[in-house]
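Keep in mind that what you see is a predicted model, and the values were worked out from it rather than measured. Numbered from 1 within each chain, the chains take letters A, B, ... in sequence-line order. These numbers come from the heavy atoms of this one structure, side chains and all, not from hydrogens, waters or symmetry mates.
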2 protein chains.
Amino acid sequence: MEKAPYHHGDLRNALLDAARRIVERDGAEAVSLRSLAEDLGVSRGAPYRHFPDRDTLLAEVAAAGFEEHAAAYQGFLDTVMDPRERMALTTRFYLDYGARKPGLHRLMFESDLLARNPPPAVLIPPADRSYRLLVDIVRQAFPDESEDAVLARTITAISTTIGFLTLRGAGRFKAFMRGGLSDADIDAAVIAAVAGR
Amino acid sequence: MEKAPYHHGDLRNALLDAARRIVERDGAEAVSLRSLAEDLGVSRGAPYRHFPDRDTLLAEVAAAGFEEHAAAYQGFLDTVMDPRERMALTTRFYLDYGARKPGLHRLMFESDLLARNPPPAVLIPPADRSYRLLVDIVRQAFPDESEDAVLARTITAISTTIGFLTLRGAGRFKAFMRGGLSDADIDAAVIAAVAGR
DNA sequence: CCTCAATGTTGTCTGCGCTTACATTGCCTC
DNA sequence: GAGGCAATGTAAGCGCAGACAACATTGAGG
């Protein structure tokens, strides 16, 4: 018969994993250090040994999200040869990811973690990496455009994609559905607007 | 010497006004019924006489926001004659509004109030009205397009606009600023992407 | 073996949403 | 006017959460 050891063993990573699962499903608001501790069979003060506060934990979850997110469409650079098709696939990947993990998506793209002064240090490298990757993909899809135009296009492209997910998540498109447009139609319209101009 | 009357007089509207001010400046998360009650000099239970819960109050604040928002660019339909220019002005109005009242903007376009089942009844008419107005503006700016195309374009247009505000608010464009693009350049790029295709 | 740093526990404070039981007020009717 | 009643406000309390401080336990290195 196993008796529970005084020390958890790897509480830090266990907290990150558990928080991540909750964020993916129910959003960052649903994460509570207390209930996390309870789930992991540990006292409510224990998490503070590993994270000074709740936001620091969430920042690490978001950082891991950016890593995973960027790594996934990094692959398109190697496997998909046509630059325009690559851009369309990247957009579709964003849409799928946002639909599959809405809470994590919100934490990454809507929370004000990166707007803090200063932003959490763990968050900056993966966020920058993801941003640079995206600019590369846009640049190769529109090779004739100036660098400023490419940057501007990257901004509008990601704005369209993220905004669409935000608004759909907020239920603002329910009214549009009565207009005979299917989900697939709308997805296609977004992808066309981003990649097809 | 005035003694405080037992009844506030118009607590309901006082709550709405106070909540609105806090939402505009600091976001809906900063609204607490307790501190609202304290500010207005009533007991902490008093607000519950007027709103069954916090979300109901926030829904009314959002509804008022949609009214004001739509009324403002309703004016463009009457005063601005060129349909494309009208569309550009509407976009600029969205951008200004989001920059001026970020918290209210988030409550209106990012919160999940409208995604509930059922959504708060007070919210549906103003949200629908705002949506129809927007479709009208897009339809007149692109009169040759099919109705489905107009709907799709409305969706991508508002997605671009709201997404841009969301991402800028989330600090995700800080990295882009180092690329030599000014705020005005980026605003212009968004407006061009929405209205100028 | 002993010490110490890392890690986990317990108790406490504050603030919040929400509910229940009770108090005050003003209006409406007779 | 007096009585009654609905609207409105107060007071107290529950459960949950974040954060901190004081204390306990453990294991690794000197």
Next item on the list: Could I get the full list of side-chain hydrogen bond (donor to acceptor under 3.5 Å, both in side chains) partners for D82(A), not counting sequence neighbours?
Entry: none
Checklist line | Integer-rounded Å distance: dG17(C) C1' and L57(B) CG | finding: 13 Å
Next item on the list: Give me the residues of residues 45-52 of chain B where at least one heavy atom lies under 4.0 Å from an atom of DNA chain D, by number, or none.
Entry: G45(B), A46(B), R49(B), H50(B)
Check: Just wondering, more than 12 heavy atoms not from R92(B) lying within 6.0 Å of its CZ?
Finding: no
Item checked: Nearest atoms (heavy-atom pairs only) where L114(B) meets A127(B) -> CD1-CB, 4.0 Å
Check: Is any NZ, NE, NH1 or NH2 atom of the basic residue among R12(B) and E60(B) found under 4.0 Å from an Asp or Glu carboxylate oxygen of the other?
Finding: yes
Notebook entry, point to check: Any side-chain N or O of S32(B) less than 4.0 Å from the OP1 or OP2 oxygen of dG15(C)?
Noted result: no
Next item on the list: Mind calculating the distance between CG (L15(B)) and P (dG17(C)) to the nearest angstrom?
Entry: 12 Å
Next item on the list: Take the protein atom CZ of R54(A) and the nucleotide atom P of dG15(C), then report the distance between them rounded to whole Å.
Entry: 18 Å
Check: I22(A) has an atom CD1; how far is it from atom C1' of dA17(D), in whole Å?
Finding: 14 Å
Check: Got a sec, which residues hit ring pair (Phe, Tyr, Trp, His ring centres under 6.0 Å) with F76(B), two or more places apart in sequence or on another chain?
Finding: none
Next item on the list: In whole angstrom, give the distance that lies between atom CD of E38(B) and atom P of dT10(D).
Entry: 13 Å
Notebook entry, point to check: Does the dG18(D) base have a donor-acceptor partner in the side chain of R34(A) within less than 3.5 Å?
Noted result: yes
Check: Between F109(A) and Y94(A), what is the ring plane arrangement, given parallel below 30°, perpendicular above 60°, and tilted in between?
Finding: tilted
Item checked: Whole-Å distance separating the CG atom of L11(A) from the P atom of dG8(C) -> 5 Å
Next item on the list: Count the heavy atoms belonging to other residues, nucleotides or ligands that lie under 6.0 Å from CD of E38(B), then report whether that count exceeds 12.
Entry: no
Next item on the list: Please evaluate the base of dG13(D) for a donor-acceptor partner in the side chain of R44(B) within a cut-off of under 3.5 Å?
Entry: yes
Notebook entry, point to check: R12(A) CZ to dA6(C) C1': how many Å, rounded?
Noted result: 14 Å
Item checked: Integer-rounded Å distance: dG15(C) P and L36(B) CG -> 16 Å
